[in-house]
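One structure below.
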There are 2 protein chains.
Amino acid sequence: MAQTQTLSKNQKIILDIIEKANEPLKAYSILFSVQKKGIKAPLQVYRALEKLIKLGKIHKVESRNAFIACKSSNCEISKATAFSICETCEKVTEISDQKLSKYLKNFHDKTGMIYKKYNLEFYGLCTTCKRN
Amino acid sequence: MAQTQTLSKNQKIILDIIEKANEPLKAYSILFSVQKKGIKAPLQVYRALEKLIKLGKIHKVESRNAFIACKSSNCEISKATAFSICETCEKVTEISDQKLSKYLKNFHDKTGMIYKKYNLEFYGLCTTCKRN
DNA sequence: TAACAAACGTTACATTATAACACTATGATA
DNA sequence: TATCATAGTGTTATAATGTAACGTTTGTTA
């Protein structure tokens, strides 16, 4: 049985903030909001982020340099991520689509390269911004 | 007939360097190598990069903060990009796979969001590194 | 309890990217 | 040909993002 990984103090604090946010957070905005809890330096934030990513608790939205909580409950380790990003309001949503992820996991290029992970980001207009 | 966009002096210099490199280049390494040609400031580089991206001449590899020349000759405007990235040697290759791009262009999520662009990055082991 | 790994705290620094301002070149058009 | 709009240039300064290096502390396990 897979042991539920216990998080350290800093990791808990930072995961908590990211989970409560309904938008991706930037590292330095996280830093700012945890300074009252004794986390003073960027490295403390980045180290926790790195661990949380490895555990699949959060993902990095590469094109935005921002961090978002993982929504798919059983995402123990993060190897396959897909997001939709509204270019107007910057809303980011994790896409969980079985067909899409199956398609991408099975994708192989012509060179024979072994794929271990992927990250897909769609950019466009969300339904709210579409109307305006 | 689509007029071939004429590039400005700085844009030509920077595109030239990126095209001749067989790897993605970082903005500041570009800056360093064009300083003898009179381009002294980061902004001069970033402005040219921005324009070249808009024209589809180059792409940004988001997870690496690096820039690579577009290989698909008819890529006038860059809306759909896919790369494979070797996590060992950092070799980056643009993937041009008709089926993949067709699949992704036609992909729609449940929310009804309009997708204008996407960027897909696969991470893994290239054939060379696989052997070692 | 010794040994090890993981996490912590801190200072300093490296890297990546943009703001703001003034100026120049170019082509369209009235 | 004046003048207008647009794109590009050059410069200084600074913002934002991310790491190196060091030593200490904490927790696990043999």
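Proteins come first, then strands; the chains are lettered A, B, ... in the order of their sequence lines, and each starts at number 1.
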- Message: Under 4.0 Å from OP1 or OP2 of D:dT9: is there any side-chain N or O of B:Ser8 that close?
- Response: yes
- Query: For the pair made of CG in B:Leu7 and P in D:dT9, what is the distance, rounded to whole Å?
  - Reply: 10 Å
- What's the spacing between A:Leu120 CG and A:Thr81 OG1 if we round to 0.5 Å? 8.0 Å
- Contacting residues from residues 20-32 of chain B, given that a heavy atom lies under 4.0 angstrom of DNA chain C: B:Lys26, B:Tyr28
- Query: How many Å lie between OH on A:Tyr46 and P on D:dG18, as a whole number?
  - Reply: 4 Å
- Message: Whether A:Gln44 contacts C:dC8 is assessed here as follows: a side-chain N or O lying under 4.0 Å from the phosphate OP1 or OP2. Is that the case?
- Response: no
- Examine A:Phe83 and B:Tyr118 and state if one hydrophobic cluster contains both, with Ile, Leu, Val, Met, Phe, Trp and Tyr joined whenever side-chain heavy atoms are less than 4.5 Å apart. no
- Message: Quick check for you: among D:dT9, C:dG9, D:dG18, whose closest atom lies nearest to any side-chain atom of A:Pro42?
- Response: D:dG18
- Task: Using a cut-off of strictly less than 4.0 Å, decide whether B:Asn10 has a side-chain nitrogen or oxygen near OP1 or OP2 of D:dA7.
- Result: no
- Query: Would A:Phe122 and B:Ile95 show up in the same hydrophobic cluster when neighbours are defined by side-chain heavy atoms closer than 4.5 Å?
  - Reply: yes
- Task: Starting from C1' on C:dT16, measure out to CD on B:Glu50 and report it in whole angstrom.
- Result: 15 Å
Atom pairs under 3.5 Å: protein N/O with N/O of nucleotides 25-28 of chain C:
none

- Query: Listed by chain and number, what are the salt bridge (charged side-chain N to carboxylate O under 4.0 Å, His left out) partners of B:Asp16, not counting sequence neighbours?
  - Reply: B:Lys20
- Atom-pair distance (CD1 on B:Ile14; P on D:dG10), nearest Å: 10 Å
Quick test: give all pairs of protein nitrogen or oxygen and nucleotides 21-24 of chain D nitrogen or oxygen below 3.5 Å, distance rounded to 0.1 Å.
none

- Note on the structure: In short, the helix from C:dT1-D:dA30 to C:dA30-D:dT1 is bent end to end, axes from five pairs each side, to 10°, by 30°
- Can you tell me how far P of D:dT17 sits from CD of A:Glu62, to the nearest Å? 14 Å
- Task: Figure out the NZ/C1' separation between A:Lys40 and C:dA12, and round it to whole Å.
- Result: 16 Å
- Give a yes or no answer on whether the side chain of A:Lys110 reaches the backbone of B:Ser96 with a donor-acceptor pair at less than 3.5 Å. yes
- Message: Quick check on DNA chain D: between B:Lys9 and B:Asn65, whose nearest nucleotide comes earlier from the 5' end?
- Response: B:Lys9
- Task: Quick one: pull up OH in A:Tyr103 and CG in B:Leu104 and give me the separation to the nearest 0.5 Å.
- Result: 7.0 Å
- Query: Between B:Glu121 and B:Arg64, is there a salt bridge with N-O shorter than 4.0 Å?
  - Reply: no
- Task: Find out if a path of hydrophobic residues (ILVMFWY) with successive side-chain heavy-atom gaps under 4.5 Å connects A:Ile114 to A:Phe107.
- Result: no
- Query: Quick check: does any side chain N or O of B:Lys116 sit under 3.5 Å from a backbone N or O of A:Glu87, one acting as donor and the other as acceptor?
  - Reply: no
- Note on the structure: Result for 5'-nearest mapping on DNA chain D, choosing between B:Ala41 and A:Lys60, is B:Ala41
- Task: Output all residues satisfying side chain to side chain contact (heavy atoms under 4.5 Å, CB included) with A:Lys9, sequence neighbours left out; order by chain, then residue number.
- Result: A:Ile13
- Here the gap from A:Ile30 atom CD1 to A:Ile14 atom CD1, rounded to the nearest 0.5 Å, amounts to 6.5 Å
- Message: Using the rule that Ile, Leu, Val, Met, Phe, Trp and Tyr join whenever any side-chain heavy atoms are under 4.5 Å apart, tell me whether A:Tyr123 and A:Ile68 fall into a single cluster.
- Response: yes
- Any idea which of D:dA7, D:dT17, D:dT9 is nearest the B:Lys51 side chain? D:dA7
- Message: Would you say that more than 12 heavy atoms from the other residues, nucleotides or ligands in this model lie under 6.0 Å from the NZ of A:Lys130, or not?
- Response: yes
- side chain to side chain donor-acceptor pair (under 3.5 Å) between A:Ser8 and A:Asn10, worked out: CA-CA 6 Å; A:Ser8 75; A:Asn10 288 2; 6.0 Å; no
- Note on the structure: Separation between OH (B:Tyr115) and CD1 (A:Ile85), nearest 0.5 Å, reads 10.0 Å
- Task: Find the distance B:Leu49:CG to C:dT16:C1' and express it as a whole number of Å.
- Result: 12 Å
- Between D:dG27 (P) and A:Lys12 (NZ): distance, integer Å: 10 Å
